[in-house]
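Here's the structure we're looking at; comments come further down.
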Amino acid sequence: MTRKMLVTSALPYANGPIHIGHLVEYLQTDIWVRFQKACGNTCFYFCADDTHGTPIMIRAKSEGITPETLIERVHREHYKDFSDFAIAFDNYYTTHSEENRILSERIYNGALEAGSIVKKTIEQAYDDQEKMWLPDRFIKGTCPRCKAENQYGDSCDICAAHYQATELINPVSAVSGHPPVLKESTHYFFRLADFADALKELFAAGYVQSSVRNKLDEWFAAGLKDWDISRDGPYFGFIIPGEDDKYFYVWLDAPIGYMASCWNYCKQNGLDFEKVWNSGEYEIYHFIGKDIMYFHALFWPALLISAKLRRPDKLFVHGFLTVNGQKMSKSKGTFVMARTYLNHLDPQFLRYYYASKLSGDVGDIDLNVDDFVNRVNSDLVGKLANLPSRSGPMLTKTLGGTLGTLDEAGRALIDELVQARGVIVQEYETLNYASVIRRIAALADVCNKYVEDNQPWSLIKTHPEKARTVLTAVLNASRILTIYLKPVLPDFAAKMERFLNIPPLSFADTDTVLENHTINPYERLIERVEKEKVDAMIEDSKQQTAAPVAAAEPSKPTLDEPLAEECTIEDFMKVDLRIAKIASASAVEGADKLLALELDLGGVTRNVFAGIAKAYKPEDLVGRLVVCVANLKPRKMKFGLSEGMVCAAGPGGSDIFLLTPDTGAQPGQRVH
RNA sequence: GGCGGUGUAGCUCAGCUGGUUAGAGCAUGGGAUUCAUAAGCCCAGGGUCGGUGGUUCGAAUCCACCCGCCGCUACCA
């Protein structure tokens with residue numbers, strides 16, 4: 001009986017790069033999805049970038065680009081990071097999509113018809129300078145409790161106090177630096193309490209793990225309050241139907257992004273989205289971190305119920321990642337970006353290590369660097385890869401690379417491994433990967449012992465056919481272990497398949513054995529982790545996070561002139577910038593902005609017309625060094641041929657500022 | 001502050017509804033090997049199960065309190 005299911009991971013926010021903390025969730029989910037697929041189930045893995053909200057808007061502004069450009073770039077980066085960790089989404093979409101807009105409106109309208117949307121007037125901080133509303137996070141000031149300066153509007157990092165933004169002493173907008181004013185506005189609210197009974201029913205049906213349930217009961221006891229689902233413009237998001245400057249709060253459309261991603265996939269693959277999501281034919285599961293339980297356990301199912309849509313079957317909540325027992329730290333270098341990890345280490349190491357720690361409950365998991373190295377090397381290399389490594393070459397070199405048949409002892413070994421299948425499947429299903437990994441490692445111990453007991457390296461000298469029989473058992477055992485490991489280590493499995501000269505393995509293949517079959521020459525399945533590389537990764541993380549932290553203070557974050565599109569180093573190298581000495585300068589007859597400059601590039605001369613006459617007098621320029629674009633295509637102008645450009649900053653008119661090199665630069669030197 | 005989770009050998013973790021001398025892997029020490037990515041095999045040392053008190057014939061396992069750590073405390077993505 002095959003199952004059909006839709007699985008999602010929480011949508012990463014398009015405000016920053018993926019780090020190893022995020023990866024806990026994506027790897028946990030990916031392993032589960034791969035497991036389901038390996039069992040023959042239909043399982044779609046959907047995700048997307050979460051792209052709306054004030055932080056995106058401000059971030060884009062500070063980079064001098066549009067939010068659309070920002071989220072498009074981040075989407076690309078996120079997707080690349082995930083792909084390189086072998087996280088295989090069936091669709092990785094975006095919440096800034098037509099599908100998502102339509103679904104958001106549909107769900108909103110559904111809630112409206114259900115009578116669960118109400119309007120209320122609230123007071124909120126407003127930045128008069130920037131003409132925008134300020135979330136608490138964008139208000140800074142002095143903590144009312146401990147008087148620590150420069151704290152956020154919701155809580156204090158120093159004394160952990162929670163307060164209202166209005167309680168801050170000397171509050172200022174983090175965007176403009178000006179004190180915010182309080183202003184009234186009408187917001188839309190979703191009446192969560194209307195769905196209390198429906199939610200209780202959902203929890204009773206096992207929507208979440210029991211420890212999560214306890215937490216939810218607490219929230220229930222505290223009372224379900226109305227949820228503010230609108231934001232006033234300017235805001236990057238979807239406009240609310242019937243309004244012209246009110247938008248859906250990003251957290252409203254974020255989970256709807258799961259559906260939008262699904263819908264988009266359905267369109268591309270000829271599936272009926274309404275049927276896939278709503279008919280009950282597919283089980284629906286969300287993997288999330290414990291920090292966003294409130295949204296996924298309460299708001300999200302309530303919204304779906306209000307709109308008469310199918311709600312998910314289960315939430316799988318996981319804990320956070322600590323490194324060496326502590327919160328990830330930028331200064332300690334343990335705040336490792338996915339990309340940084342990939343620059344130094346094999347992603348399979350992390351997949352294996354996380355799997356070895358994940359047990360399906362909400363506890364935090366710890367990445368202990370020494371443990372990481374030891375564990376990967378001893379389990380993965382020392383035990384698992386060791387089996388084919390110690391038997392493959394022997395079979396190839398002396399016995400023609402052909403497997404024989406299993407004898408009774410070999411059969412017994414394989415049976416023992418195959419017997420574990422039921423428990424392993426159960427443990428994968430219940431997210432207890434740690435137990436799966438322990439079990440696989442223990443089975444690898446059994447196999448290594450088998451090799452030791454049978455000593456094929458001795459047999460091969462005296463009884464080569466007996467050696468073949470032993471090696472046949474060992475390689476078949478490796479094959480079974482590979483099947484068990486495949487959801488965690490797809491690349492390792494692929495190499496094994498190539499080595500064994502077989503089609504891709506799935507769980508059903510434990511029912512068969514490989515006999516009288518010729519394999520390919522052995523190639524290494526995985527390399528050892530070197531501690532030095534891990535150290536280098538940590539060091540690298542320290543370096544790269546040090547700078548942005550200092551530069552993060554958004555005192556004057558806006559650019560008058562938006563940043564140009566990204567260019568490569570090759571693009572930049574096309575432009576030949578040279579130090580030039582202004583040999584002569586003169587006003588141009590009939591032009592009020594131009595100066596005719598004669599530039600000395602260390603022997604080579606260029607005549608350039610520069611539009612700087614309003615800012616510089618010719619006599620002040622002669623003899624000074626400037627930077628010029630030396631390989632610019634000459635341009636015929638009314639007053640003659642201009643053979644280059646002089647670099648300058650400023651908006652123009654009298655506000656033009658020529659670039660000057662530091663003392664020591666010589667005419668003709670190239671700028672790199 | 002309130003609440004949820006968690007605290008078991010050097011490290012990372014198993015120990016379900018309480019029951020013989022508390023387990024695994026890694027790390028450490030010793031030994032026999034050499035097919036294998038200094039991998040594999042055998043043996044050994046190592047823990048008063050965060051603390052105190054209680055329930056019980058008996059508690060790491062149940063209860064109370066205390067301490068440490070992680071998190072949540074809703075308009076913050």
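First the proteins, then the strands, lettered A, B, ... as listed; each starts at 1.
- Taking the ring centroids of Tyr247(A) and Tyr188(A), they lie at or beyond the 6.0 Å cut-off.
- Comment: Asp228(A) does not engage Lys120(A) in a salt bridge, judged by the lack of any side-chain N to carboxylate O separation of less than 4.0 angstrom.
- In this structure, the CG atom of Leu216(A) is 13 Å from the P atom of U73(B), given to the nearest Å.
- Going from atom CG of Asn15(A) over to atom P of C76(B) covers 15 Å, rounded to whole Å.
- Remark: Arg73(A) does not engage Glu68(A) in a salt bridge, criterion side-chain N to carboxylate O under 4.0 Å.
- Backbone-only contact: Phe320(A) has heavy atoms under 4.0 Å from sugar-phosphate atoms and none from a base.
- Between Phe82(A) and Tyr92(A), the ring centre distance stays below 6.0 Å.
- With a 6.0 Å cutoff to the six-membered ring centre and a 45° limit on the axis angle, Lys119(A) does not count as a cation-pi contact of Phe189(A).
- Taking atom C1' on both A22(B) and A38(B), the two are 34 Å apart, rounded to the nearest angstrom.
- Remark: aromatic rings of Tyr522(A) and Phe499(A) are close, center separation under 6.0 Å.
- Taking the P atoms as reference points, G53(B) lies 30 Å from C13(B), given to the whole Å.
- Taking the C1' atoms as reference points, G10(B) lies 11 Å from G47(B), given to the whole Å.
- In this structure, Gly53(A) and Lys327(A) both approach RNA chain B, and ranking their closest nucleotides by distance from the 5' end singles out Lys327(A).
- The existence of a salt bridge linking Asp445(A) and Lys449(A) is excluded, since no basic side-chain nitrogen approaches an acidic carboxylate oxygen closer than 4.0 Å.
- Remark: aromatic rings of Tyr258(A) and Phe46(A) are distant, center separation not under 6.0 Å.
- Ring geometry, Trp300(A) versus His286(A): the interplanar angle falls from 30° to 60°, so the pair is classed tilted.
- Using C1' as the reference atom, G25(B) and C65(B) are 36 Å apart when rounded to the nearest Å.
- A gap of 14 Å separates the C1' atoms of A14(B) and C26(B), to the nearest Å.
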Next on the checklist: Before you tell me yes or no, could you show the steps for Met132(A) and Val175(A) under side-chain contact (heavy atoms from CB on, under 4.5 Å), namely the whole-Å CA-CA distance, both residues' side-chain angles and the distance that decides it to 0.1 Å?
Outcome noted: CA-CA 9 Å; Met132(A) 63 176 287; Val175(A) 183; 4.2 Å; yes
Checklist outcome for this item: Counting primed atoms, P, OP1 and OP2 as sugar-phosphate and everything else as base, the B/S/- map of nucleotides 5-15 of chain B against protein heavy atoms under 4.0 Å is S-----SSS--
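- With pairs defined as Watson-Crick or G-U wobble and both atom distances under 3.5 Å, the stems of at least three pairs that touch RNA chain B come out as B:1-7 with B:67-73, B:10-13 with B:23-26, B:28-31 with B:41-44, B:50-54 with B:62-66.
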Checklist entry - How does each nucleotide of nucleotides 35-41 of chain B score, in 5' to 3' order, for protein heavy atoms under 4.0 Å: base (B), sugar-phosphate only (S), or none (-)? => result BBB-SBS
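- Taking the P atom of each, C67(B) and C57(B) are spaced 32 Å apart, rounded to whole Å.
- The one candidate from Val373(A), Leu489(A), Asn377(A), Val529(A) that meets the side chain to side chain contact (heavy atoms under 4.5 Å, CB included) condition with Phe349(A) is Val529(A).
- As rounded to the nearest Å, C41(B) and U12(B) have C1' atoms that lie 24 Å from one another.
- The distance from atom CG of Leu384(A) to atom C1' of G25(B) is 13 Å, rounded to the nearest whole Å.
- For His19(A) and His22(A), the ring centers are positioned less than 6.0 Å apart.
- Rounded to a whole angstrom, the distance from the P atom of G2(B) to that of A64(B) is 15 Å.
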